Asks: 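Let me give you the structure first, and then I'll get to my questions.
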Amino acid sequence: MKTKLNYSSIADAAAECLAVVVLDHNADKGKDAKPKAKLAGDDKSLAKAADEALASGDVTAKALETMLIHAPQGMKAKRLLIIGGGKAAKFSADEMRRVAGTAARFAKGKNLKSVAIAVPDGTSVSAADAVRAIIEGAFVGDFDPNYYASDRKDQRLDEVDIIVPSSADKKAVEAAAEVGRAIGEAQNFARDLVNEPSNKMTPTIMGQRAKKMCAEVGLKCEVYGAEKLHELKMGSFWSVAQGSAEPPALIVMTYEPKGAPSSPVIGLVGKGVTFDTGGISIKPADGMEKMKYDMAGGATMMGAMRAIAMLKPKVKVIGIVCATENMPSGTAQKPGDVQIAMNGTAIEIINTDAEGRLILADGLCYARQLGATHLVDAATLTGACVVALGMVHAGIFSNSDEMVAQFQAAQKRAGERFWRLPLDEEYRDMIKSSIADIMNSGGRYGGAVTAAKFLEEFVDEKPWIHLDIAGVAWMEENKPWIAKGPSGMAVRSVVEFVQSF
Ligand code: BES
Ligand code: MN
Ligand code: ZN
């Protein structure tokens, strides 16, 4: 998808479809106040073209409401798409992103190949912030998951034009557009990986995709197999991989810009379970097909590394993805088995379905061995996190208040939602083993926390953040701005966080 900045007036924008934002200026006047829909900005010809529609009362400016006007009077665009941005006083880059996604999906639904989106003038969102949000949102909206439908046409948009007021700071707008592109592409890159079924996204294929991506954006990339796991004594990672006919892949991507300080070094570790059957502690058949998305944490880190390579922050970053299947077989590990992780920790396997923490344990140790001073992991780790937070917030766990504060500032800019959950010492008692150091499951209660507590054993008190994205990595239904399927959630926050160093 091409993105073009166009500094023409709204009336002069020659587009197949031009999307503009309408805002409700009465929403702050109480619940019963009638909506007062007003177009953002004071473009005279636009006001005239939309006059009747607004006067009719059909437009309430409710968030993501759409109204289409064909051949709008006095405008060059063939269609004018009015999209609700909600309450004027609350309009932010987040709403802008969703409006842009809605515009993209609307245009695709009409088989158009391009759409123009106007930066709304006169709101508290700067032109640069709006441009970035429009581009990110348009990329999000442009993605559809029906890869293998035999009648899938090439539905992707060819181009999005952003109509920017000529008064805007052009330099700031252009820089923002670059950031928006890098992040939008990275998010879709991650979604693309997650969308593939497990027979088309094996650990080996994931490794190949990492190699290809890294070559394209200039990152160093190594992909190792089972031998390396043995050499590094990754008994915990291997215990999951041993049950599968598909070989595991340990993916290591390195970004080291010239002039970066020797510290901090950020280690990004992702769970790449390309299919989670549960292993011998097998999952029920109902809904198991969804467990192809159990590599979303790994895809998040690959997408983040791609954006980081393009945005070039002045900090060293190591991206590690532990990719494997979790299968039951004659070679699979069994409940009761004891496994020794890379750092010597002895793990009693209670449930082979608690495999994500097993592979991340060694991934976190390895990130430290490679020099990471700060650790971030992302994983579709627990159903318990979905029970706790639903599909709205992802879970965030950390041993460092400072790092959480830094991440929370980043997630806000990225427009993503994470909710911090606790890590008190009492939860550690729940995973104490009588035969080994630690058990890989603490049972049903507090399952998201005991999983995080397990991971904490492997960070050696380095500042660390764990992101449990089980509830948010997959959209259960279509929304106006995003298709059902992989969401690419967490990519934007991780990139924003790395840039904040
Ligand atoms: N991949 C699952 C977690 C998951 C559940 C992701 C639902 C997405 C949606 C993970 O490997 C798992 O099976 N966790 C178990 C842990 C339990 C056995 C301690 C769980 O959450 O039930
Ligand atoms: Mn599992
Ligand atoms: Zn899993």
Side-chain angles (χ1 to χ4, degrees), residues 194-195 198 201 203 206 236-237 239-244 246 248 269-300 321-328 332-337 339 347-363 377-395 397 421 427 430-433 438-455 466-476 485-487 489-490:
V194 177
N195 195 44
S198 75
M201 187 53 61
M206 216 173 159
S236 190
F237 184 176
S239 78
V240 180
Q242 72 181 45
S244 175
E246 284 292 340
V269 184
K271 169 178 175 181
V273 173
T274 58
F275 197 82
D276 182 11
T277 65
I280 295 298
S281 315
I282 198 161
K283 288 181 182 294
D286 216 26
M288 203 207 271
E289 72 284 350
K290 268 188 61 194
M291 279 301 118
K292 69 170 189 170
Y293 90 87
D294 213 18
M295 35 60 76
T300 297
V321 179
C322 301
T324 178
E325 292 183 332
N326 184 25
M327 298 289 284
Q333 71 175 334
K334 303 167 283 298
D337 288 1
Q339 311 291 0
I347 304 163
E348 179 187 5
I349 306 299
I350 298 299
N351 190 320
T352 64
D353 197 11
E355 85 296 345
R357 65 199 75 181
L358 294 173
I359 68 175
L360 289 174
D362 283 336
D377 76 73
T380 47
L381 202 65
T382 66
C385 193
V386 192
V387 172
L389 298 172
M391 289 161 177
V392 180
H393 285 89
F397 303 81
L421 293 169
Y427 293 106
M430 294 170 70
I431 47 174
K432 229 166 112 182
S433 167
I438 191 172
M439 304 192 293
N440 81 328
S441 168
R444 271 159 51 80
Y445 297 139
V449 186
T450 49
K453 211 66 200 161
F454 180 96
L455 295 179
H466 158 56
L467 306 172
D468 192 334
I469 59 171
V472 299
W474 193 265
M475 302 293 299
E476 291 292 335
S487 68
M489 161 87 176

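Just so you know, these numbers use all the heavy atoms, side chains as well, and skip hydrogens, waters and symmetry mates. Every value quoted in this text rests on a predicted model; they were computed, and no experiment measured them. The residues of the chain are indexed from 1 along the displayed sequence. In each ligand, atom 1 is the first atom listed, and ligand 1 is the first ligand listed.
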Asks: Does any N or O in the side chain of Asn440 come within less than 3.5 Å of the main-chain N or O of Asn351, such that one atom is a donor and the other an acceptor?
Replies: yes

Asks: Would you mind naming the N, O or S atom of Glu355 nearest to the Mn ion (ligand 2)?
Replies: OE1

Asks: Should Met291 be listed as contacting ligand 1, given a heavy-atom distance under 4.0 Å as the test?
Replies: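 Within the 4.0 Å threshold, so yes.
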
Asks: Just wondering, is there an N, O or S atom on Lys271 that's nearer than 2.8 Å to the Zn ion (ligand 3)?
Replies: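 Yes.
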
Asks: Apply salt bridge (Lys or Arg N to Asp or Glu O under 4.0 Å) to residues Lys271 and Asp294 and explain how you reach the verdict.
Replies: CA-CA 7 Å; Lys271 169 178 175 181; Asp294 213 18; 3.2 Å; yes

Asks: Return the option from Ile469, Asp353, Asn440 holding the heavy atom at the smallest distance from atom 13 (O) of ligand 1.
Replies: Asp353

Asks: Identify, for atom 2 (C) of ligand 1, the protein heavy atom at the shortest distance, and state residue, atom and that distance.
Replies: Asp276 OD2, 3.5 Å

Asks: Is a side-chain N or O of Ser487 found less than 3.5 angstrom from the main chain of Val472, in a donor-acceptor match?
Replies: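 Judged by distance alone, yes, a pair lies under 3.5 Å.
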
Asks: When you measure from the Zn ion (ligand 3) to each N, O or S atom of Asp276, which atom gives the shortest distance?
Replies: OD2

Asks: Please determine if Ser441 has a nitrogen or oxygen closer than 3.5 Å to a nitrogen or oxygen of ligand 1.
Replies: no

Asks: Show which atoms of ligand 1 fall inside a sub-4.0 Å distance from at least one heavy-atom site of Lys271.
Replies: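 Taking each heavy atom of Lys271 in turn, ligand 1 has 1 (N), 10 (C), 11 (O) under 4.0 Å.
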
Asks: I want to confirm something. Looking only at heavy atoms, which of Gly356, Gly278, Gly383, Ala384 is nearest to atom 5 (C) of ligand 1?
Replies: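 Nearest heavy atom to atom 5 (C) of ligand 1 lies in Gly383.
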
Asks: Using modelled atom types and a 3.5 Å cut-off, is there a donor and acceptor pairing between side-chain atoms of Asp468 and backbone atoms of Thr382?
Replies: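 Yes; at least one donor-acceptor contact below 3.5 Å.
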
Asks: Without swapping roles, check the side chain of Ser244 against the backbone of Asn326 for a donor-acceptor pair under 3.5 Å.
Replies: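 Not a single qualifying donor-acceptor pair exists.
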
Asks: Search all heavy atoms of Ala394 against all heavy atoms of Met489 and return the closest pair with its distance.
Replies: CB-CE, 4.3 Å

Asks: Provide the number and element of each atom of ligand 1 under 4.0 Å from a heavy atom of Glu355.
Replies: 11 (O)

Asks: Could an N or O of ligand 1 be found under 3.5 Å from any N or O of Tyr293, whether backbone or side chain?
Replies: no

Asks: Using a strict 4.0 Å cut-off to heavy atoms of Asn351, name the atoms of ligand 1 that fall inside it.
Replies: 18 (C)

Asks: Can you tell me if Asp276 has an N, O or S atom under 2.8 Å away from the Mn ion (ligand 2)?
Replies: yes

Asks: Is the backbone N or O of Ser281 less than 3.5 Å from a side-chain atom of Thr352, with the two atoms forming a donor-acceptor pair by type?
Replies: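 Judged by distance alone, yes, a pair lies under 3.5 Å.
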
Asks: Just to be sure I'm reading this right: ignoring hydrogens, which of Thr382, Leu381, Asn326 gets closest to atom 10 (C) of ligand 1? Compare them by their nearest heavy atoms.
Replies: Leu381

Asks: What are the two closest heavy atoms between Ala332 and Gln242, and how far apart are they?
Replies: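 Between these two residues, the closest heavy atoms are C-NE2, 3.6 Å.
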
Asks: Going by side-chain contact (heavy atoms from CB on, under 4.5 Å), Glu325 matches just one of Met291, Met295, Glu246. Which one?
Replies: Glu246

Asks: Quick check: does any side chain N or O of Tyr427 sit under 3.5 Å from a backbone N or O of Gly447, one acting as donor and the other as acceptor?
Replies: no

Asks: Please state which protein non-hydrogen atom is closest to atom 16 (C) of ligand 1 and give its distance, to 0.1 Å?
Replies: Arg357 NH2, 3.7 Å

Asks: Please give me the minimum heavy-atom distance between Gln339 and Gln333, naming the atom from each residue.
Replies: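 The answer is NE2-OE1, 3.0 Å.
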
Asks: When you measure from the Zn ion (ligand 3) to the N, O or S atoms of Asp353, does any of those distances fall below 2.8 Å?
Replies: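 No, Asp353 does not qualify, because none of its backbone or side-chain N, O or S atoms lies under 2.8 Å.
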
Asks: If you check every N/O/S atom of Asp294, which is the one nearest the Zn ion (ligand 3)?
Replies: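 Closest N, O or S atom of Asp294 to the Zn ion (ligand 3): OD2.
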
Asks: Name of the Glu355 N, O or S atom nearest the Zn ion (ligand 3)?
Replies: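 Output for this pair reads OE2.
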
